[in-house]
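First the proteins, then the strands, lettered A, B, ... as listed; each starts at 1.
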Protein chains: 2
Amino acid sequence: MKKPLYQQVISDLENKIKSEMKPNDRLPSERQLLKEYGVSRNTIRLALNDLEERGIIYRLHGKGTFVSTIYLDQTNLGSMYSFSEQMSETGHKPTTQNRTLELVTPEEDVANQLNLRAGEKAYKLVRLRLADGVPLMYGETYLPEKIFPNLKMSDLKENLYTVMKQKYNEQSILAFEDVQAVNLDEKDSKVLGVKPGDASLKIFRRAINDKNVPIEFTISLARGDRFIYRSRQYNHLV
Amino acid sequence: MKKPLYQQVISDLENKIKSEMKPNDRLPSERQLLKEYGVSRNTIRLALNDLEERGIIYRLHGKGTFVSTIYLDQTNLGSMYSFSEQMSETGHKPTTQNRTLELVTPEEDVANQLNLRAGEKAYKLVRLRLADGVPLMYGETYLPEKIFPNLKMSDLKENLYTVMKQKYNEQSILAFEDVQAVNLDEKDSKVLGVKPGDASLKIFRRAINDKNVPIEFTISLARGDRFIYRSRQYNHLV
DNA sequence: ATCTTTAACTGGTTAGTACCACATTCTACA
DNA sequence: TGTAGAATGTGGTACTAACCAGTTAAAGAT
């Protein structure tokens, strides 16, 4: 499985930027890059578009293409829609401890979030996420039984979203996330390995599939000193 | 001032989608669109890229291009891009105290976020936001002088984004927001009217205009017990 | 010397063509 | 009557070739 050309250019430029360049340094012009890599300008621009979109570079008409500043700070871990992906991207080794998986009748608030009727059950999955071996995030995930029947711990060796897709052909198109700051209590602070009272991000995530049916509800606690929630907002007002 | 072709295609497609199409409807194929609009495939793909990036459409290799589900639901508030709007929608009376506005040479990290060169100045605006008279959020906003020359306190009777648009014809298309949980120190806790050590959301916002030029950088502190950061995540990963 | 013009950069837009990879349908062979 | 395979449609990648539109610095005129 060989990568497309422009993705190779992306990787290469990204590495060079990371290792050899400083913020606001100028990159070679598009016409120079085209010669260096032996590809067309189209391909170069595809690669640069990607880097620009991800905030790694910025372009100024008539002046050139430059290294952004935001890129370097490693602490930027991004929003949590896929913990493992984001970790890998930022060069950290992500691990997940699946602690418990049980079939429960959820509390009313959780049931509401999942549009469950009285008595309908859901799987409750408790996970601890670590980066480079350090606890970073603790999460309780609820998955409706009617959508994910017969879910097993052994399924969860894979990424959760992979399991959803492959075993159940379910996929989250849209997720709503609410983020709140809380002071950790004794118990939770112990789990995350910090002091009681330390600030923590509490993230509520509600994911729905393409038919607007809720398929996941997760409550997470993330260490305030190590986790940054990142999102991007588009304003298409026109 | 005539728009580029592909932007016309974007507007036109966007209108059609809004007025005539339903979620998951299929758009004409790229090769059909190319004939309809009398432009090259390159141009069509540029337009579709934009719509895809903004979550309005999604593409499936071999199958076609489709209308996303998210676009319809009007609740387009996304996040905190406009404090006042959001508050009104939730039924609270928002007020803003503009405390200070001064022209400063920002620290390096702020300068970097705004892509300012050494010595370039920015307006620093300090604001306190209240809901129903209770302090809720404290924010420092930096605005590049070269983009907003001659900014005055009296301009700020209006909503900041209204001023940007009307006085300077600037508009933020995309904003990156990083959200972190912190424990408040003595000073900040006093401003927000809570106890030192209380958890708070620290929000970094970097907004750029349609030319990818940073036009705003804001650092906010929001009361953890009263403020929830809300966002939505689209996954058309397939 | 100073100002104006021009030339030579930069990224931005557009056209046209070709082929690849995935998905579906139609067709021909067993 | 199936089933393998071809044909056709979709988006994805890639190249070539121009020209447009800002920016900067060199060349020229005053």
Would you say a side-chain N or O of [X] is under 4.0 Å from OP1 or OP2 of [N]?
| X | N | answer |
| --- | --- | --- |
| B:R45 | D:dG12 | yes |
| B:S29 | D:dT10 | yes |
| B:S40 | C:dT14 | no |
| A:T65 | C:dT10 | no |

So do the side chains of [X] and [Y] get within less than 4.5 Å of each other, counting heavy atoms only?
| X | Y | answer |
| --- | --- | --- |
| B:R45 | B:R59 | yes |
| B:Y6 | B:V39 | no |
| B:L143 | B:L160 | yes |

Ignoring hydrogens and angles, are the base of [N] and the side chain of [X] linked by a donor-acceptor pair under 3.5 Å?
| X | N | answer |
| --- | --- | --- |
| A:H61 | C:dG11 | yes |
| B:R59 | D:dG12 | no |
| B:R31 | D:dG11 | yes |

Euclidean distance, atom [atom1] of residue [X] to atom [atom2] of [N] [Å, nearest integer]:
| X | N | atom1 | atom2 | result |
| --- | --- | --- | --- | --- |
| A:E30 | C:dG12 | CD | C1' | 8 Å |
| B:I44 | C:dT17 | CD1 | P | 16 Å |
| A:F66 | C:dG11 | CZ | P | 8 Å |
| A:L34 | C:dG11 | CG | C1' | 13 Å |
| B:K35 | C:dA15 | NZ | P | 16 Å |
| B:Y37 | C:dT13 | OH | P | 18 Å |
| B:I57 | D:dG11 | CD1 | C1' | 11 Å |

(request) Assign the ring pair A:Y58 / A:F66 to parallel, tilted or perpendicular, where the plane angle (0 to 90°) is split at 30° and 60°. (result)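 Correct class here is parallel.
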
(request) Can you spot which of B:V104, B:T218, B:I215 makes a side chain to side chain contact (heavy atoms under 4.5 Å, CB included) with B:Y142? (result)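 Testing B:Y142 for a side chain to side chain contact (heavy atoms under 4.5 Å, CB included) against B:V104, B:T218, B:I215 leaves exactly one candidate, B:V104.
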
Among [options], which nucleotide has an atom closest to any side-chain atom of [X]?
| X | options | value |
| --- | --- | --- |
| A:Y6 | D:dA14, D:dG11, C:dG12 | D:dA14 |
| B:V39 | D:dG22, C:dA15, D:dT16 | C:dA15 |
| B:L5 | C:dT14, C:dG12, D:dG11 | C:dT14 |
| B:K63 | C:dG12, D:dT10, C:dT24 | C:dT24 |
| A:N42 | C:dA15, C:dT10, D:dT13 | C:dA15 |

(message) I'd like to know if A:E30 and A:R41 make a salt bridge, using a cut-off of under 4.0 Å between side-chain N and carboxylate O.
(response)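 A salt bridge links A:E30 with A:R41.
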
(request) May I ask you to say what A:Q32 touches in the nucleic acid, namely base, sugar-phosphate or nothing, with a heavy-atom cut-off under 4.0 Å? (result)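 A:Q32: backbone/sugar contact only, no base atoms under 4.0 Å.
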
(request) May I ask you to say what A:L60 touches in the nucleic acid, namely base, sugar-phosphate or nothing, with a heavy-atom cut-off under 4.0 Å? (result)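 Result for A:L60 = sugar-phosphate.
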
(message) Here's a test of your reading of the structure: between B:L27 and A:R41, which maps to the more 5' nucleotide of DNA chain D?
(response)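 Looking at DNA chain D, the more 5' nearest nucleotide goes with B:L27.
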
